Amino acid sequence: MSTIISAGTNEGGQELRSRSELSAKELFREVGAVLRLSEAEAAKLAEVQTEAPEDQTMIINMGPQHPSTHGVLRLMLELQGETVLRCKPIIGYLHTGMEKTGESLTYMQGGTNVTRMDYLSPLNNELVFSLAVEKLLGIDGEIPERAVWMRMLLSELNRMSSHLLFLATNGMDIGAVSMMLYGWREREEVLRFFQKVTGLRMNHNFIRPGGLAADLPAGWRDDVLEILENLPSRLEEYDILMTGQPIWRDRLQGVGAITAREAMALGATGPILRSTGVPWDLRREMPYLRYDDVEFDVIVGQHGDAYDRYAIRFNEIRESMRIVYQILDRMPSGDYRIQNKKVTPPPRARIDESMEALIHHFKIFTEGFKVPEGEVYVAIESPRGEIGCYIVSDGSSTPYRMHMRAPSFVNIQALPHMMRGGLVADAVAVISSVDPVLGEVDR
Amino acid sequence: MGLIQNIADDGLGGVEHNFVTARIEDLVKWARSRSSWGASFGLACCAIEMMGTGASHYDISRFGMEVFRASPRQADIMIVAGRVSQKMAPVLRQVYDQMMEPKWVISMGVCASSGGMFNNYAIVQGVDQIVPVDVYAPGCPPTPETLIHAIETLHQLIEDGEIMRRRSATGAGAGIELSAETSTTAPVSLGSK
Amino acid sequence: MSDAVETTVETVETLHGCPVVSSRGQRVVLVARENYVATVKALLADGYDMCVDLTGVDYLGMPTRSVGAGIQPERFEVVVNLLSLTLRDRLRLRVQVPESDAQLPSLFDVHPGTEAHERETYDMFGITFTGHPDMTRILMPEDWDGHPLRKDYDQGSIPVQFKGSHS
């Protein structure tokens, strides 16, 4: 195959253009105005247009290859001196065609695909996909208790590892580089547990339609307890290192503020919405699995700034630990997957003795199982917000259409709004506080 | 050369004739392999494992590589960590072109090496179509151990290779033609019916 | 498999003049293209204050599917997921978009958060949203040919060069 590649990163109309070329509506979006504003508010925002003559501003490009854009996010900023006037995120540099690939993979294989979207919380991706498939199959009420609690355990541990990574990268972006090493150290311990359970450190494909791929290994309880016992003292250390520290506070407080109304208009979910004071957590408001049986607090901020988002994630680690303790107490025994011939492959021992079992096993893994016609949307709370899975089935063994509602994709729409009027140095803090995962933004 | 009696007391100063002779080529290769700085080209899941390799548990600084440079001008090794989309490919090539010779490329993970499980319109099926790759690290994502193995393999390649190998053989790069962008240039079209 | 899976698409209620069907227990409003924005506005007033998702589906391979009460199935469908924080409820809207005139009014004025979703739907399906401030591609390069998630767009697999491989 001969490929002609034209050097350069020109994306034409996707880029930030000069203000004179734009319609008022487009300009509003780039200066970060959320529409649905009152007229007075809109007029105030339009001042940007007159404030700075265009020959006194500069459009700079940040990314897609930039160390603090969390992967391949590209921002174009219009600056007047150090002040950000406009911002436009340009995405797609990691577009993987996962939704198209998902149409050719069976429901059994689909997990391998979706787990690579939000690669910091792969188990939550698998969970929402499995829940959607189970709802389509009509077996969502028949999943064994142990499978449900195991899913909760993995989902919460994954939330912890994801938030620990946020602490690490947030620290690095703001300049607390030692936090980078600490966050990674803690995350490594959770990953080691995942490796023991699923066989992989990331991209597990462990939660599957019908249950899980395997049971928890012997000694899992001690491993989890070890993580839970080590973490509190270290979290306190980070509290001292960052939360109370004046430089840290000055870098984050009041930076990238957003109000509840704006966050809701922009569709932002997760810690961004909660930082504005809206106590919206799907685990609490629309419980799935057995989240209505466990006790935990929804952490809510007040100012909607980068500091609140940091503090929310920090404390969500503690809440997740609280949930994991309860899961350890209540983990039931039983099957780790549904005993339904259509969805579940026969156990290994049966394959040795029965030809039918062998054929059945082979067919499930090659052809997959057929899912009745229909369409569902299922959403859960991932560490980044509402992750939803919309599946249309045409009755065959592959989805007719598989769409993921990725929280980061929606959340980065709030970037122009959070950055407007801020300093360019704060732009990094704002990106970091949104905690986007580009694999999920571009899918 | 005299015997070192007590290096703790005197350091190398205690050595009577404290110089070493070697071929300049060996010294250059030794120096290059021991301080090869990486360009942080993190793309997807593999980037997380690459950063994990740089963190304290796996500690990539044992190989003189803890300095991930944000600027390609200061980097020697580009670790392509993750899937390369059609949109990213020109950027990747540009970053590679900005790196100074001598430069090496590690293709980390199956997506970068061959497209991996994403055999579709969006992903470049192997980053070796864009830049010359020296070492392929398998895995999805490769564990830090795999990456360290790839790095050690590359270090061995640097020590074994000729110092001017690539430049004299091909001029530069993979010999892929770069053309200026014009409005009539057809996009990289993959199988649209 | 349980027998509880519904296969019928019967109207269970009407909402702002639009038929509502149930899909696996989830409420789905079937909206005509003409009433699309008006309905979303009315639902916003009803308390469905967040638009969490907007995407498209290409039903090229299922032309004779039954959508529900008196709705003429078209090739494209735009699916909008609304969420109400106060009612703790979800609602899904399905709008039929014909291939010959693949456009739909934009929801940007009602829910600014649909901006990226509409661009993505345009990029992937070629459905244009009128009134959208910036109808450009979002995921694919600017000069890309075609709309990848359409069913007549090939997945673009490159044959792997060893024997016995299926792709």
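Please read these numbers as outputs of a predicted model, since none were measured by experiment. Reminder, nothing fancy here: chain letters follow the sequence lines and each chain counts from 1.
Annotation for P141(B) and M202(A): closest pair CG-SD, 3.8 Å, computed over non-hydrogen atoms. Taking both residues in full, the closest heavy atoms of L43(B) and Y119(A) are given as O-OH, 3.8 Å, listed atom of the first, atom of the second, then distance. Residue C45(B) comes nearest to N203(A) through the heavy atom pair SG-ND2, 3.8 Å, listed as atom of the first residue, atom of the second, then distance. Nearest heavy atom pair, residue M51(B) against residue M180(A), reads CE-CE, 4.3 Å. Scanning all heavy atoms of the two residues, the minimum distance from V91(B) to P64(A) falls at CG1-CG, 3.7 Å.
To the nearest 0.5 Å, atoms CD1 (I48(B)) and CG (L120(A)) are separated by 4.5 Å.
Of the atoms belonging to S104(A), not a single heavy atom falls under 4.5 Å from chain B. Looking at C140(B), both its backbone and its side chain come within 4.5 Å of chain A, counting heavy atoms on both sides. Contact of R443(A) with chain B is not made at all, since no heavy-atom distance falls under 4.5 Å. Only the side chain of R201(A) comes within contact range of chain B, with at least one heavy atom under 4.5 Å from a heavy atom of that chain. Within the 4.5 angstrom heavy-atom criterion, no atom of A47(B) approaches chain A. Heavy-atom distances place no part of D118(A) under 4.5 Å from chain B, backbone and side chain included.
Between the K87(B) side chain and the I91(A) main chain, a donor and an acceptor come within less than 3.5 Å of each other.
Chain B forms more heavy-atom pairs under 4.5 Å with one residue of T96(A), L181(A), T101(A), D442(A) than with any other, namely T96(A). Of the listed residues (H57(B), E49(B), R83(B)), the one with the most heavy-atom contacts under 4.5 Å to chain A is R83(B). Residue with the most contacts toward chain B among G97(A), P122(A), G183(A), G439(A): G97(A) (heavy-atom pairs, distance under 4.5 Å). By number of non-hydrogen pairs under 4.5 angstrom with chain B, the leading residue of M98(A), R185(A), R116(A), R187(A) is R116(A).
In summary, the aromatic rings of H95(A) and F118(B) are positioned with their centroids too far apart to meet the 6.0 Å limit.
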side-chain contact (heavy atoms from CB on, under 4.5 Å) between S56(B) and E188(A): does it pass, once the steps are laid out?
CA-CA 10 Å; S56(B) 40; E188(A) 204 64 47; over 6 Å; no
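Within a 6.0 Å radius of CD in E226(A), no more than 12 heavy atoms belonging to other residues, nucleotides or ligands are found.
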